[in-house]
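Contents: one structure, followed by commentary.
Throughout, a chain's letter reflects where its sequence line sits, starting with A, and its residues are numbered from 1.
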Amino acid sequence: MTPLSSWGRLGAPLHYTVSLSREKISEQLSRPPLPGIAYGMGRSYGDICLNPRGTAWQTTDLNNFISFDDKSGILHCEAGLLLRDIQNVLVPRGWMLPVTPGTQLITVGGAIANDVHGKNHHRFGTFGDHVQYLRLARTDNQIIECSTTKNTDWLAATIGGMGLTGVVLEAKIKLRKVDGPWLETETIPYYSLEQFFELADSSEAGWENTVSWIDCLGGRQGRGIFMRGNPTTASPDLPPRSKQLTMPFVPPVSFFNKLSLKPFNTAYFHLQARNAGRSITHYQPFFYPLDNILKWNRMYGPKGFYQYQSVIPRTNGLEATRAMLDAIKHSGEGSFLAVLKTFGKRLAPGMMSFPMHGVTLALDFPNNGPHTHQLFKQLDAIVQEAGGRIYPAKDARMPRELFESGYPHLEEFLKYRDLGISSSLSRRLIGS
Amino acid sequence: MKHIVIVGATSAMAHECARIWAEQEATHFSLVGRSAERLQRVADDLKARSPGSDVTILATDFLSPEAIQATVDETTSNRRIDIALIAHGSLPDQNNCQIDLNVCADSLAVNGLSPALFAEALAGKMEDVNYGSLAIIGSVAGDRGRKSNYSYGAAKGLVERYTQGLQHRFAGTGVTVTLIKPGPTATPMTKEMQLEGTNLAKPVDVATAIVGAIHKNRLTIYAPEKWRIIMLVIKHMPSFIFNKLNI
């Protein structure tokens, strides 16, 4: 038994770990004595990748490229390959993953199971939108091949399927052409939520990437920093990347607490506001600002942290976001890594995909026990009333009713479930 | 284009080295292994990562001197070798080696005899042209016999002594011989140790050290480097203390 944790570090339960190997995979997956779940980089935040006292199939040895076609941009690879390795190999050749989340230190399988999104949702949708083929292993030894033309229902169930439909072994992903690794970016401070929505809407047509950091303690108006970026052919003479740092230890208490948060947020806001304007940025710091600090999750101290990411339909977006910011301010809890961004009007590729047309707010909270949970209850009520949903990849605690109301295709999805697979999250939200 | 021969190319460590070389520059790889199917997967991976590279795969019997000689002859039929890496091995269960002499014999042959024969054959080719870097993966386990893995360690000890001999033979020539002694690394070979929760080195870090050592023509390296100090202590520990340790 080996302790495994997810990115939130809320615990390190023991797992029976099995490193999947190409040669033995059907034997390793078939009829496990204890239900298992695929575990990649452990970068989801809650319990979606955890299966305490059960089996964790580690996928990171399955990290081969199988082929890449320089004409069509179609990459065929194994599911344990990291997005970083794909980018490092293919960006210099003029191809890039169309959609990546805020870290590239995740596996292809994890990106599919959580149907991750990035800053360009309004233009490129989710990761799953670019997956053309999957090879899925079931615990009854069946192999299911699904694609955009064959077994399409299996593809839709597996994209965003939380790893519960089988273990993804291989995928084909269509990459996009890029002129280089650089982006033309613009940073704009905003001083109210209305201003944020104006900026987001007016940027949709002309900007591929939009995102904002919000100062959740900045008051009712909601101040923040809006960032947008477009790929560019420019190639400035800049060193592409600064040094890799590692958070070397777990501090006894969270760096972010009641005392530190307000000055942190205020300082960050003014620092960024001072840097407002246009510049040329390498894609890595723009897309993956925290990948430079390995193990940054340790900053939240020994008790770990929760991430709360919701999406609210566009019509209720402004009021619900305001209500959530109010609730946070009154609770005295706070979040440093708070992200506010809009999702475009696109059909999601997966039955259980998180993104929908609306506005998503992602917040980190140090784990302060019951007090933090009290706040989550209030946020849940706002999300539920506004017709929103919570992102399972980030979740460790949402109530089952909220999951069921947020994901209307749940019942259909369950037909594709592999019962030899189970996670802490599936037991909590689905009951098995 | 550089010509790199990798024996035991499907091993996690060797595969990581190949990826580093492939991403550095277009290379001609000769991949030697036991299973053509597994070699093909490594070849596909390398070709996708480095479209300018080309890869020849050679499946062979690792225990037959004739097959080893024939394979090495084939790798040099068209071009001389820039770098050869001998990386194959398997970690047997020590208990099984004690109970079943066949398991013990296999371990001694696969981990000791076979790499030595490959080294001899490849060294001969390099001597012919007075050029090439030969690197052999030994192990910290070869530094001193321990009850927990001496059937493996003794074979790795043989590799070390053999490498020393080659280093002596080629001193001052155009051929360099490097011995790499990795500590326990998180590869499929050490699956059992990983289950015990031991904190092992990552194959990619060990591979980076190997590629660097070959580039710098080092004689012997430990990977990670901390094992040099650990093994220095273990090697020089008096037997009356050492024999009381449960390692």
Is chain A contacted by the side chain of Ser35(B), its backbone, both, or neither, given a heavy-atom distance below 4.5 Å?
neither
Are there over 12 heavy-atom neighbours, none belonging to Lys174(A), within less than 6.0 Å of that residue's NZ?
yes
Applying a strict 4.5 Å limit to non-hydrogen atoms, the region of Glu16(B) in contact with chain A is side chain
Tell me, out of Pro51(B), Ala43(B), Ala12(B), who's got the most heavy-atom pairs with chain A below 4.5 Å.
Pro51(B)
In terms of heavy-atom pairs under 4.5 Å with chain A, the winner among Glu23(B), Arg19(B), Glu37(B), His15(B) is Arg19(B)
Closest contact, heavy atoms only, Asp45(B) versus Asn63(A):
OD1-O, 4.2 Å
Part of Asp69(A) lying under 4.5 Å from any heavy atom of chain B:
neither
If one checks every heavy atom of Leu81(A) against chain B at 4.5 Å, the contacting part turns out to be side chain
Asp44(B) and Ile66(A): which non-hydrogen atoms are nearest, and at how many Å?
CB-O, 3.4 Å
Return the minimal non-hydrogen interatomic distance between Phe65(A) and Ala48(B), and the atom names on each side.
CB-CB, 3.5 Å
Hey, could you give me the OG1/CD distance between Thr10(B) and Glu23(A), rounded to the nearest 0.5 Å?
7.5 Å
Shortest non-hydrogen contact from Arg49(B) to Arg93(A)?
O-NH1, 3.3 Å
